[in-house]
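Working notes for the structure below.
These values consider heavy atoms only, across backbone and side chains, with no hydrogens, waters or symmetry-generated copies. As the structure is a prediction and not an experimental result, all values here were calculated from the model. Throughout, a chain's letter reflects where its sequence line sits, starting with A, and its residues are numbered from 1.
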Amino acid sequence: MSRYNAAEIEARWQEAWEKAGIFTAERKEGKPKYYVLEMFPYPSGKLHMGHVRNYTMGDVIARYKLATGHNVLHPMGFDAFGMPAENAAMAIGGHPKTWTYNNIDDMVEQMKPLGLSLDWSRMFATCDPEYYGQQQALFLDFLDKGLVYRKNAVVNWDPVDMTVLANEQVEGGRGWRSGALVERKELTQWFFKISDMADELLGALDGLDNWPAKVKLMQANWIGKSRGLQFAFERADGGEPITVYTTRPDTLNGASFVGISPDHPIAKAMEGDAAVDAFLADARKGGTTEEAIETAEKLGFDTGIKVKHPLTGEELPVWIANFILMDYGTGAIFGCPAHDQRDLDFCRKYDLPVIDTFFALDDDTPVGKVAFVPAKSEKVRWVNHFAGLEEATGEEAINATIDFMEAKGLGEGVTKFRLRDWGLSRQRYWGCPIPVVHCEACGVVPEKKENLPVVLPDDVTFDVPGNPLDRHPTWRDVPCPSCGKAAKRETDTMDTFVDSSWYFARFTAPRAETPTNMEDAKYWMNVDQYIGGVEHAILHLLYARFFARAMQICGHLPESAKEPFDALFTQGMVTHAIYKTEGADGRPVYHYPEEVTLKDGKALLEDGREAEIVPSAKMSKSKNNVVNPLHIIEGYGADTARWFVLSDSPPERDVEWTASGAEAAHKHLGRVYRIASEIDAQATGSAADDTALLREMHKAIHDVTMGVESFGFNAAIAKLYGFTNALGKSKAGGAAKRQAAMVLAQLMSPMTPHLSEAVWEKLGGEGLCTLAPWPKADEAMLVDDEVILPIQINGKRRAEISVPKDMDKAEVEKLALAHEAVIKTLDGATPKKVIVVPGRIVNVVA
RNA sequence: GCCCAAGUGGCGGAAUGGUAGACGCAGGGGAUUCAAAAUCCCCCGCUGGUGACAGCGUGCCGGUUCGAGUCCGGCCUUGGGUACCA
């Protein structure tokens with residue numbers, strides 16, 4: 001008997017697959033196509049367990065679809081632009097390009113041993129000029145269709161390094177290198193007009209039946225459609241009225257001030273006054289993230305301007321407030337402190353009045369420190385309401401007020417979206433150059449398509465902060481494509497989200513001379529199954545949905561590909577325990593898993609000290625809890641790694657990597673190999689044993705198929721453990737055992753393809769197990785003749801009876817009531833009710 | 001702050017509103033062996049009881065239901081996102 005030798009088996013079958021070319025995708029009519037895609041990786045250089053889990057899940061689907069007769073497209077590439085390459089260049093020298101391409105080579109080296117069914121011939125990186133040149137062509141097409149424009153927007157500005165900072169580079173309101181307090185600064189930047197499609201992007205979510213509900217909900221909330229009232233406050237001094245937008249016009253009686261954004265034209269007009277300038281400088285401190293703005297201390301400045309309440313004529317003060325965003329609504333609001341916590345905090349701080357406009361039905365306590373904000377569906381009691389409301393829900397009140405104000409000609413009902421246009425300009429080198437030229441005479445001039453790609457220059461340095469393209473005269477200075485006079489290239493590059501917003505379309509024709517090839521796009525699109533981390537639930541997926549629409553408008557995708565991902569699955573992270581002790585200086589010391597011995601739930605170091613175990617932490621280099629997939633593959637083989645990342649946790653949840661779990665997975669695979677090896681084809685067994693084994697086999701086919709189709713990989717694997725146990729113990733004859741073992745190999749094949757090929761070959765299977773048609777379950781073999789029904793009395797389980805599976809309700813009820821335990825509990829009384837759920841349960845209500 | 005999830009034995013987790021704890025890990029007991037490795041078999045939520053059994057038990061509080069881990073309302077904790085990390 002030979003032992004399971006993963007290294008030998010895996011090398012051999014990977015070579016066999018490659019020789020047969022079975023994963024190279026070509027258009028084939030007459031076979032249903034299936035496009036499975038995992039979110040492509042950033043080439044950090046190190047493959048981690050999260051990647052292994054992501055690609056293994058995709059591979060299970062791809063291999064299952066292959067076995068069920070589909071023409072499968074399963075490509076891989078790299079999302080290769082971005083900050084880490086520039087950071088590496090700054091930290092260790094070298095060039096982002098060298099760093100990136102070396103990392104790509106390393107990662108491909110690390111991925112190949114996993115035995116993924118990938119079509120490597122389609123691979124590309126987004127930093128290939130062949131890719132980003134086509135992206136520049138898309139940009140020019142979008143520009144032509146009015147889908148891109150320029151406007152001012154704020155960025156994080158480091159006043160010491162004189163550079164723009166990414167949100168990630170702002171730590172606690174300070175620049176990560178200089179430590180200077182970050183300011184918000186306006187720059188002219190390029191924007192995609194995604195807000196034009198807000199309503200469509202929202203509405204189309206309804207059709208995405210195979211997307212997780214939570215992702216659709218997050219996107220819907222992000223787009224944030226709201227109906228409100230837009231109206232103007234007349235100024236007491238006769239100046240330009242202040243237009244505000246509110247989603248709660250019903251609380252207009254409770255207005256105690258009007259607030260404007262620090263970027264509002266009125267605020268800007270007041271610049272020059274020392275007190276105003278001091279306040280605005282204060283209000284512009286800190287980063288640009290919504291979190292920073294929302295959690296910052298609320299600051300206000302009384303402009304001295306008064307406005308008239310549109311209904312009462314009462315005067316209200318106008319304040320500049322740092323929490324009001326110019327991007328949303330009109331950049332001006334009225335504050336209603338009684339029913340908005342933020343407004344209340346503001347009014348308490350600056351001693352502005354608080355006016356209750358409604359109370360709960362059974363409580364008329366005035367608002368103190370906590371604003372009264374009931375759900376919009378809850379009925380409340382109104383105080384002297386201007387539209388005549390007495391008792392009504394918030395929703396009813398909003399609609400009634402909008403109608404009232406419209407009838408009076410005081411304002412209009414308006415629909416607004418939270419979604420802002422997508423700013424794509426980045427003041428960085430390692431990205432796709434924006435293909436336009438700034439000419440003094442002609443203004444902004446698009447580069448000619450025949451001059452694409454606008455290639456990044458190689459001769460750049462990162463010894464000073466800022467964008468090296470800005471200080472590269474020979475690259476920057478070019479003649480104007482329109483008039484030919486001296487002009488300057490745009491030195492901003494594109495957001496890396498642009499790169500990842502259309503790569504799925506490029507995979508359908510990765511070497512085409514245009515962004516896509518319509519015939520290939522028509523054949524392969526849509527992505528039938530997209531798989532990636534839930535951290536991309538909003539931005540990446542929304543941008544990709546926008547891009548598919550924009551590409552369709554420009555003729556690069558068919559109408560049918562406007563929603564590019566038919567089904568989406570969001571998977572969890574791979575985590576690992578952290579082993580922590582305290583160093584002499586009191587700071588934590590993190591220990592690598594291989595330095596720790598686990599015994600009785602305790603983590604012991606080599607010197608005998610005990611380390612604290614922090615379970616399920618995200619794998620992170622700084623915490624020393626990273627498990628390198630290569631070590632696992634070298635030690636146990638790729639199939640063990642694949643089996644383990646799928647086995648323990650549901651795919652959408654985080655999985656904790658444990659050494660014992662990997663060991664167990666490996667043992668199990670060895671067991672399967674041994675059981676298959678020991679089958680004696682000549683052995684005979686009883687007909688009953690044969691049938692029993694084949695019943696188990698059909699149940700396994702059914703359950704595993706269901707598991708794979710519904711992303712219940714962990715459940716499918718549990719069934720495979722059960723089926724393996726049944727096969728190991730079975731006294732069935734050799735023929736039945738051989739049949740069962742071959743089906744086992746096939747069912748395991750999506751997860752452990754190498755082992756399956758080895759078992760398949762050993763048992764004399766024809767051709768490759770990978771290509772063998774997926775087995776079908778025989779319905780007749782799935783149901784047992786007898787079922788065991790639990791009997792509950794008042795909801796508590798008291799007994800059970802065994803009955804034929806199709807016995808009718810009355811018969812079952814009679815049997816249940818005749819049961820000893822039931823008679824004893826009822827003690828002569830008649831049951832109030834007996835509920836029989838066929839095949840499930842009997843509940844007797846005493 | 002706001003939006004979205006998750007929370008079940010010592011651990012990872014299973015369970016179309018219908019027997020809570022499948023399957024695996026760890027632990028305990030046994031078989032095999034000169035011994036070990038490997039392998040195989042049995043036990044394994046908590047409390048009480050020799051035992052049959054009884055009571056309790058799915059983050060916390062409340063509700064709907066014949067019946068709730070599952071549905072509804074309110075909290076707590078952890079994780080993801082928060083528009084320039086990818």
Side-chain angles (χ1 to χ4, degrees), chain A residues 3 39 41-42 44 79 81-84 155-156 164-170 189 194 212-215 217-222 224 287-296 323 327 341-342 375 418-428 495-497 499-500 533-540 542-543 570 572-573 575 598-601 615-616 618 647-650 652-656 658 660-661 663-665 667-668 670-671 674 712 714-715 717-722 725 728-729 788-792 794-800 832-835 837 839-845:
Chain A
R3 283 198 39 184
M39 291 182 186
Y42 179 79
S44 62
D79 188 14
F81 275 134
M83 296 201 307
V155 292
N156 300 304
V164 176
L165 298 179
N167 286 335
E168 197 193 40
Q169 297 170 319
V170 179
Q189 307 188 60
I194 188 171
K214 64 172 175 184
V215 173
L217 190 55
M218 279 190 266
Q219 292 221 351
N221 288 337
W222 184 261
T288 58
T289 66
E290 191 187 282
E291 187 195 2
I293 291 166
E294 287 287 330
T295 55
F323 57 84
D327 293 319
Q341 190 60 43
R342 198 173 54 183
R418 204 186 80 98
L419 181 67
R420 309 200 296 257
D421 277 333
W422 170 13
L424 66 113
S425 301
R426 295 294 180 270
Q427 297 69 43
R428 266 177 268 285
D495 178 7
T496 55
F497 271 122
D499 312 337
S500 55
V534 71
E535 67 272 18
H536 295 294
I538 295 174
L539 293 179
H540 162 61
L542 192 62
Y543 292 157
T570 54
M573 295 182 302
T575 64
L598 289 175
K599 197 153 190 278
D600 298 342
S616 298
K618 185 175 180 170
S647 66
D648 254 18
S649 274
E652 67 276 14
R653 250 198 267 177
D654 294 350
V655 62
E656 174 151 351
T658 59
S660 58
E663 177 77 39
K667 265 190 197 172
H668 179 74
R671 188 157 172 256
R674 189 165 39 76
N714 55 325
I717 284 181
K719 299 291 177 194
L720 286 167
Y721 269 107
N725 288 339
K729 285 179 193 168
I788 292 169
L789 289 187
I791 302 172
Q792 292 186 332
N794 293 330
K796 280 190 189 292
R797 181 179 174 278
R798 294 294 165 181
E800 58 182 38
K832 285 199 190 108
K833 204 171 173 186
V834 180
I835 293 142
V837 184
R840 281 285 176 192
I841 204 163
V842 181
N843 192 9
V844 180
V845 185

Whether N843(A) side chain and G795(A) backbone form a donor-acceptor pair below 3.5 Å
yes

Determine whether a donor-acceptor pair (N or O, by modelled atom type, separation under 3.5 Å) exists between the side chain of N714(A) and the backbone of S647(A).
no

With rounding to the closest Å, how many angstrom separate the C1' atoms on C84(B) and G73(B)?
40 Å

Quick note, R671(A) side chain, CB onward, closest among C40(B), A83(B), G13(B) is C40(B)

How long is the line joining CG of D421(A) and P of C84(B), in whole Å?
12 Å

Suppose we screen for side chain to side chain contact (heavy atoms under 4.5 Å, CB included). Which residues come up paired with Q341(A), at least two apart in sequence or across chains?
L344(A), D345(A), V370(A), A371(A)

If you measure from the P atom in A14(B) to the same atom in G1(B), how many Å do you get, rounded?
31 Å

Between N794(A) and D495(A), who's closer to the 5' end of RNA chain B by nearest nucleotide?
N794(A)

Using the side chain to side chain contact (heavy atoms under 4.5 Å, CB included) rule, take V170(A) and T289(A) through it: C-alpha gap first, then chi angles, then the decisive distance, then the call.
CA-CA 10 Å; V170(A) 179; T289(A) 66; over 6 Å; no

For a quick test of reading the model: is some side-chain N or O of S649(A) closer than 4.0 Å to OP1 or OP2 of G13(B)?
yes

Roughly how many Å is it from CD in E168(A) to C1' in A83(B), rounded to a whole number?
15 Å

Send over the distance from R653(A) CZ to U78(B) P, rounded to a whole Å.
18 Å

Donor-acceptor check, side chain of N156(A) to backbone of T288(A), threshold 3.5 angstrom: yes or no?
yes

Polar-atom pairs under 3.5 Å, protein N or O versus N or O of nucleotides 16-23 of chain B: list them with distances, or write none.
from, atom 1, to, atom 2, distance (Å)
U16(B), O4, R840(A), NE, 3.1
G18(B), N2, N843(A), ND2, 3.4
U19(B), O2, R797(A), NE, 2.8
U19(B), O2, R797(A), NH2, 3.3

Please check: side-chain N/O of R426(A) versus main-chain N/O of D495(A), any donor-acceptor pairing under 3.5 Å?
no

Write out a two-atom table: protein N or O, nucleotide N or O from nucleotides 1-5 of chain B, distance below 3.5 Å.
from, atom 1, to, atom 2, distance (Å)
G1(B), N2, E290(A), OE2, 2.7
C3(B), O3', N221(A), ND2, 2.8
C3(B), O2', N221(A), ND2, 3.0

Does C84(B) have its OP1 or OP2 closer than 4.0 Å to a side-chain nitrogen or oxygen of R426(A)?
yes

For RNA chain B, what are the stems built from at least three Watson-Crick or G-U pairs in a row, each pair having both distances below 3.5 Å?
B:1-7 with B:76-82, B:10-12 with B:23-25, B:27-31 with B:39-43, B:45-48 with B:53-56, B:59-63 with B:71-75

Would you please classify the geometry between the Y721(A) ring and the H668(A) ring as parallel, tilted or perpendicular, with 30° and 60° separating the classes?
tilted

From C66(B), A86(B), C84(B), pick the nucleotide closest to the side chain of E535(A)?
A86(B)

Among A83(B), G7(B), C84(B), which nucleotide sits nearest the side chain of L419(A)?
A83(B)

To the nearest Å, how far apart are Q219(A) CD and G81(B) P?
15 Å

Sequence-distant partners of R840(A), side chain to side chain donor-acceptor pair (under 3.5 Å), two or more places apart:
none

Considering only atom C1', compute the distance from U32(B) to A38(B) and round it to an integer number of Å.
11 Å

Heavy atoms only: give me the nearest D421(A)-I194(A) pair and the separation to one decimal.
OD1-N, 3.1 Å

Give the rounded distance in Å between these two atoms: CZ of R418(A) and C1' of U82(B).
7 Å

I'd like the C1' distance from U8(B) over to G21(B), given in whole Å.
8 Å

How is H536(A) classified with respect to the nucleic acid when contacts are heavy atoms under 4.0 Å: base, sugar-phosphate, or nothing?
base

From CD of E663(A) over to P of A26(B), roughly how many Å is that when rounded to an integer?
8 Å

Looking only at the side chain of N156(A) (C-beta and beyond, no hydrogens), which of the listed nucleotides C84(B), G55(B), G12(B) gets closest?
C84(B)

Separation of K729(A) atom NZ from C42(B) atom C1', in whole Å?
10 Å

What contact category does G423(A) fall into here, base, sugar-phosphate, or nothing, at under 4.0 angstrom with non-hydrogen atoms?
sugar-phosphate

Check the phosphate of A83(B) against N167(A), side-chain N and O only, distance under 4.0 Å to OP1 or OP2. Yes or no?
yes

Students often get this wrong, so: under 4.0 angstrom with heavy atoms, is V834(A) touching a base, only sugar-phosphate, or nothing?
nothing

To check you understand the geometry: which heavy-atom pair defines the closest contact between P84(A) and Y42(A), and what is its length?
CB-OH, 3.3 Å

T289(A) side-chain N/O to U82(B) phosphate OP1/OP2 under 4.0 Å
no

Categorize F497(A) for me: base, sugar-phosphate, or nothing, with a 4.0 angstrom heavy-atom threshold over every strand shown.
base

Out of A86(B), C56(B), A6(B), which has the shortest distance to the side chain of K796(A)?
C56(B)

Checking all strands, does P650(A) fall into the base, sugar-phosphate, or nothing category for heavy-atom contacts under 4.0 angstrom?
sugar-phosphate

With sequence neighbours excluded, tell me which residues meet salt bridge (Lys or Arg N to Asp or Glu O under 4.0 Å) with R671(A).
none

Categorize Q427(A) for me: base, sugar-phosphate, or nothing, with a 4.0 angstrom heavy-atom threshold over every strand shown.
base

Remember a base hit wins even if backbone is also touched, and classify V845(A) as base, sugar-phosphate or nothing at under 4.0 Å, heavy atoms.
sugar-phosphate

How would you label the contact of A537(A) with the nucleic acid (heavy atoms, under 4.0 Å): base, sugar-phosphate, or nothing?
nothing

G9(B) glycosidic conformation (syn if within 90° of 0, otherwise anti) is syn

Rounded distance in Å - CZ (F81(A)) to P (C84(B))
18 Å

Considering every strand and a 4.0 Å limit on heavy-atom distances, what is the contact class for S647(A): base, sugar-phosphate, or nothing?
nothing

Distance-only, no hydrogens or angles: does the Q219(A) side chain make a donor-acceptor pair with backbone N or O of A537(A) under 3.5 Å?
yes

